[in-house]
Amino acid sequence: MVRATVGLLRARGLHGTGLMDVLERSQAPRGSLYFHFPGGKTQLASEALAVASSAIGDWLRRHLAESPDVSTAVTGWLDRYVIELERTGFTRGCPIAGVALDIGPEDEVLRQKCGEALAGWSGLFAEALRREGRSAAEAGLLAESIVAMLEGALIMTRIQRSAAPVRSAQAALKLMLDRAAAISS
């Protein structure tokens, strides 16, 4: 049910993901939903966000470890994300953004899960940037900017059904990171 929810959140966001859709997609018996998730949709979405956040974090960690620098890692990561977006007809975006855009001020649990995901990803980038010799302040600023630009580009890409916003973000991030590296040297 959690994996089914992640897929639905990527495609439909929180409000477009119904519990009956989750049951249908996961082929789980109807009674199992509230047995496993007594907190209902909020608990299910919260667990789905944790799973998605962890998977994306693992993906980012791999790219950062395999790349000579953060700039190259971001470029390669976005190349792969574009392939996924194009493969799905630009219908599957980031599940964190899909929920974040739907929650209201009363949805504290989900707001916190989204915040933890974004902060975790920023932390991965900041750590990698510090390893490149950036100060903690510079690394934090750049890392948060990377995540903000990535999420914004992914949202725009879904709206426009074009890879152009991701490609623009990719070029801008490369320029920003390469210039920041030159200044730091």
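Predicted model, so just to flag it, every value in this text is computed and none were measured.
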Candidate pair E24 and L19, rule side-chain contact (heavy atoms from CB on, under 4.5 Å), full reasoning: CA-CA 9 Å; E24 182 180 314; L19 295 178; over 6 Å; no
Taking [Y] as the starting point, is it possible to reach [X] by hopping between hydrophobic residues whose side chains are less than 4.5 Å apart?
| X | Y | answer |
| --- | --- | --- |
| L118 | V74 | yes |
| Y34 | M20 | yes |
| L173 | W59 | yes |
| L154 | L8 | no |
| M176 | L141 | no |

For the side chain of [X] and the backbone of [Y], is there at least one donor-acceptor N/O pair under 3.5 Å apart?
| X | Y | answer |
| --- | --- | --- |
| Q160 | P165 | no |
| R158 | T91 | yes |
| D107 | G104 | yes |

Between Q43 and E47, is a side-chain hydrogen bond (donor to acceptor under 3.5 Å, both in side chains) present by the stated rule, with each step listed? CA-CA 6 Å; Q43 182 184 3; E47 291 189 28; 3.2 Å; yes
Would you check, one step at a time, whether the test side-chain contact (heavy atoms from CB on, under 4.5 Å) holds for Y81 with I56? CA-CA 11 Å; Y81 212 106; I56 293 167; 5.6 Å; no
Is the shortest side-chain heavy-atom distance between [X] and [Y] below 4.5 Å?
| X | Y | answer |
| --- | --- | --- |
| T157 | F90 | yes |
| L64 | R61 | no |
| M156 | V166 | no |
| T5 | V51 | no |
| I146 | W121 | no |
| E151 | C94 | yes |
| D178 | D69 | no |
| K41 | L14 | yes |

Does CD belonging to E106 count more than 12 external heavy atoms closer than 6.0 Å? yes
Can you confirm whether E138 is buried at CD, in the sense that more than 12 heavy atoms of other residues, nucleotides or ligands lie under 6.0 Å from that atom? yes
Quick one: closest heavy-atom pair of [X] and [Y], and the distance?
| X | Y | answer |
| --- | --- | --- |
| G7 | R92 | CA-NH1, 4.4 Å |
| K113 | S46 | CE-OG, 3.1 Å |
| S122 | A143 | O-CB, 3.2 Å |
| V2 | A48 | CG1-CA, 3.7 Å |
| C114 | A100 | SG-N, 3.8 Å |
| R134 | L129 | CG-O, 3.0 Å |

E84/R80 ion pair, N-O < 4.0 Å: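 Judged by the 4.0 Å cut-off on N to carboxylate O distance, E84 and R80 do not form a salt bridge.
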Look up atom [atom1] in [X] and atom [atom2] in [Y], then write down how far apart they are to the nearest 0.5 Å.
| X | Y | atom1 | atom2 | value |
| --- | --- | --- | --- | --- |
| S67 | R62 | OG | CZ | 11.5 Å |
| R10 | I96 | CZ | CD1 | 11.0 Å |
| L49 | L44 | CG | CG | 9.5 Å |

Is there a side-chain contact (heavy atoms from CB on, under 4.5 Å) between M1 and S32? Walk through the geometry before answering. CA-CA 9 Å; M1 285 185 278; S32 65; 3.7 Å; yes
Step by step, work out the side-chain contact (heavy atoms from CB on, under 4.5 Å) result for D102 and L110. CA-CA 10 Å; D102 279 350; L110 297 178; over 6 Å; no
